[in-house]
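Side-chain atoms are counted along with the backbone in the values below, which use heavy atoms only and exclude waters and symmetry mates.
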Amino acid sequence: MKKILLASIMCLSLAGCDDFLTKEPLASFQDDDFWSSENNVRGFAFGYYADRFPGYGNGDTGGVMSQRQALNDDFTNINLPGFNAQPTNKGGLWGTYFTKIRRDNIFVDRVERVPFTDEASANHWRGIARFFRAFDYSQFAFSFKHVPYYDHELTSESSDLFRPQDDVFYVMDRVLEDYKYASENVYKHDIKTGADGLVITRDVVDAFMSRHMLMMGTKLKYDPATTAGQTEKVVTYLQAAKDAAWRVISSGSWNLASNYHDLFTTIDITSAADVKQEMILYRQYATGMVTHAIMTYDRDETIQGYCAPKDLIDSYLCINGLPIHLASGTNTYYQGDKTAEQQMANRDPRLSQTFRTKFYTQYGETVGYAHSGFKRWKFLNEPTKDDTEATQSFNVTDAPVIRLGEVMMNYIEAAAELADMGEYTVTQVDLDATINKLRKRASYGKFETLQIIDGKPAVNGVVYDDADRDSDVPSFIWEVRRERRVELVYEGFRLNDLKRWRKLEYMNTDLYPEKNMGCYMTKSEQYKNLILCDESGSIISNAGNATGSGYLKVSVTPRNSENGYVLDRNYWECIPLYEIDYYEQNGSHLTQNPGWPQGGAE
């Protein structure tokens, strides 16, 4: 079944789906005659999977996990990446989304031509088509904010080809309508198409609905351009995220896997019942058919240029449920950071299931170092690490696409944001159904549960506050965001999280020096070419100096507002200048996002 499904997806994606959807539909077998059976519709839907659900990608390309999304504060490097300093002239994401949405609208339209045997089947496939449109439009709006909304196929003859942008709230209302329709009509189980976890079902719809409505609800909540009168819409989107997540959580169809590391390293999830029970949707891989490269980067022999900064390591709680630095004093469970043994002791078990328990530094005994010394192994299948399938782009571990752990975090964050707006009261029941279940799964010993007292985080009945908390973020939301960071680290969420919280400033290493620091070490002749700094990020031992103790200074060039790192305009993408000019030439208008040039492309 696995090989048949993979082959079907490959054939469909290579046999002309993209061409079919980017050219004018033909009155031939490729179009009118194609929409003649449910099986053809099913095959058409499979053509979406590899693009919309890339998992670990294909070969050495694609996907968003691990270093595929290196532009965020969970990574540091000797050359810190920054945002594009030049405006987009032509193409880019704008054109990509238009291509996708045209395909979606063709699907929505053509499914009405199919002679289904019953209304339930017809509504199911209508729901699948509208799910994909909601999926694509939510990301289009997340990237560009105000975008033209089309609910029909565009051709070169369309009278509204140069439709001006619709307000983002109008667009998101349409997205929510599509998601609601899909949630109400897509099958709970679609055994004719495939097994749960491998095909789109109602729980898949609700899981993505929770993701995308949370993304846009929070991004619009924290956007300074959102007015008081628009707050009601924000509440609607966050409530939709919370409700959709709860439908999945309370369905009884899914449970957390007992081992966190196994979620990302299992070769055949279909045969691994413990892992499969958490996978609402996952992507399969098979030797010689579809492979990837993610675990190759986590092998002992591989150099990790993009690696964890000290700030990420420090964000993990101690097993007493408290942060390493408390506003009220010292956390006695925290043993310090001068050795790997100290830094890993008494910590959230997900720390040692994501990173090696010793430092891997350049010029050390290990070949495969990390520039920060913190070596990731989250995606490495240890029993097969020396096999051919663990090297280069031959990896075959199956990839999570959306899992219960994320949905739990979507629920509790939406609840916390609604509470911050006075629209909900977070209860202990909410925490016990989400964060505390995740902690129980992650733990192989005692890991204290999180409590809420008067809207504030607490452990064992005592309210606490993180000494390192961003003062702009309420203490309970801070803890929810921390939990999300460690549960979903390197799964492709962090950059979008920073954007929707309006916290891209966290990537500024002048403001947050620990984002550019690695492990603590003492110099010797062996390590003389490393650069060390103190807790403030100031260099205390340059390259060539064989003495001194301190933290690895990963990059000597900061990422800040002076060297291409621009803050406010990067919350929304640049509308291509060519598109703006082309609209003007055709009597219409596109309004550029703040901070980007309005037009003038050649």
| request: Find the distance between CD (Gln139) and NE2 (His212) and round it off to the nearest 0.5 Å. | output: 4.0 Å

| message | Are Tyr179 and Phe208 an aromatic pair, judged by ring center distance below 6.0 Å? | response | no

| query | Within a strict 4.5 Å, meaning less than it, do heavy atoms of the Ile452 and Phe476 side chains meet? | reply | yes

| query | Are the side chains of Arg502 and Thr218 in touch, meaning some heavy atoms are under 4.5 Å apart? | reply | no

| What do the steps show when you test Met279 against Ile269 for side-chain contact (heavy atoms from CB on, under 4.5 Å), and what is the final call? | CA-CA 9 Å; Met279 297 297 174; Ile269 288 176; 4.1 Å; yes

| Considering all heavy atoms of both residues, which atom of Leu176 and which atom of Thr236 are nearest to each other, and what is their separation? | CD2-CG2, 3.8 Å

| said: Looking only at side-chain N and O atoms, does Asp432 offer a donor or acceptor that is under 3.5 Å from a partner on Thr449? | reply: no

| salt_bridge(Glu417, Arg500) N-O dist < 4.0 Å | no

| request: Could you tell me whether Arg376 sits above the aromatic face of Tyr490, with NZ or CZ closer than 6.0 angstrom to the six-membered ring centre and within 45 degrees of the axis? | output: yes

| request: Would you kindly check if the NZ (Lys) or CZ (Arg) of Arg439 is within the cone defined by 45 degrees around the ring axis of Phe447 and under 6.0 Å from the six-membered ring centre? | output: yes

| How about Lys188 and Thr201: do any of their side-chain heavy atoms sit closer than 4.5 Å? | no

| field | Asp173 versus Tyr237, side-chain donor and acceptor atoms under 3.5 Å | value | yes

| Carboxylate-amine/guanidinium proximity below 4.0 Å for Lys385 and Glu301 | no

| field | Test: Arg356 and Asp300 ion pair at under 4.0 Å | value | yes

| query | Looking at CZ of Phe264 and CG of Asn259, how far apart are the two atoms once the value is rounded to the nearest 0.5 Å? | reply | 10.0 Å

| message | Let me confirm one number: the CG-CZ distance from Leu498 to Phe493, rounded to the nearest 0.5 Å. | response | 13.5 Å

| Does Lys378 pair with Asp298 as a salt bridge, N-O distance under 4.0 Å? | no

| Rounded distance [0.5 Å steps], CD1 in Ile249 versus CG in Asp203 | 11.0 Å

| task | Before accepting this row, confirm whether a basic side-chain N of the pair Lys276/Asp268 lies closer than 4.0 Å to the acidic partner's carboxylate O. | result | no

| query | Is the closest basic N to carboxylate O distance between Arg441 and Glu487 below 4.0 Å? | reply | yes

| message | Does this structure show an ion pair linking Glu423 with Lys242, if we count only N-O contacts that are shorter than 4.0 Å? | response | no

| said: I'd like to know if Arg484 pairs up with Asp497 as an ion pair, taking the criterion as any Lys NZ or Arg NE/NH1/NH2 lying under 4.0 Å from an Asp or Glu carboxylate oxygen. | reply: yes

| note | Rounding to 0.5 Å, atoms CG (Asp387) and OG1 (Thr287) come to a distance of 9.5 Å

| task | Using a strict cut-off of less than 4.0 Å between a Lys/Arg side-chain nitrogen and an Asp/Glu carboxylate oxygen, indicate whether Glu479 and Arg482 qualify as a salt bridge. | result | yes

| query | Judged by modelled atom types alone, do Thr266 and Asp398 share a side-chain donor-acceptor pair under 3.5 Å? | reply | no

| query | Any cation-pi pair here, Arg126 with Tyr181, using under 6.0 Å and within 45°? | reply | no

| message | Strictly below 4.0 Å, N to O, side chains only: are Asp136 and Arg103 in salt-bridge contact? | response | no

| field | Euclidean distance, Arg485 CZ relative to Leu488 CG, rounded to 0.5 Å | value | 12.0 Å

| task | Would you please indicate yes or no on a ring centroid separation below 6.0 angstrom for Phe107 and Phe44? | result | yes

| Does any donor atom in the side chain of Thr270 or Tyr282 lie under 3.5 Å from an acceptor atom in the other side chain? | yes

| field | Asp243 bridged to Lys180 by N-O distance under 4.0 Å | value | no

| message | So Ser121 and Tyr187, do their side chains get closer than 4.5 Å, heavy atoms only? | response | yes

| field | Trp501 and Tyr222 aromatic centres sub-6.0 Å | value | no

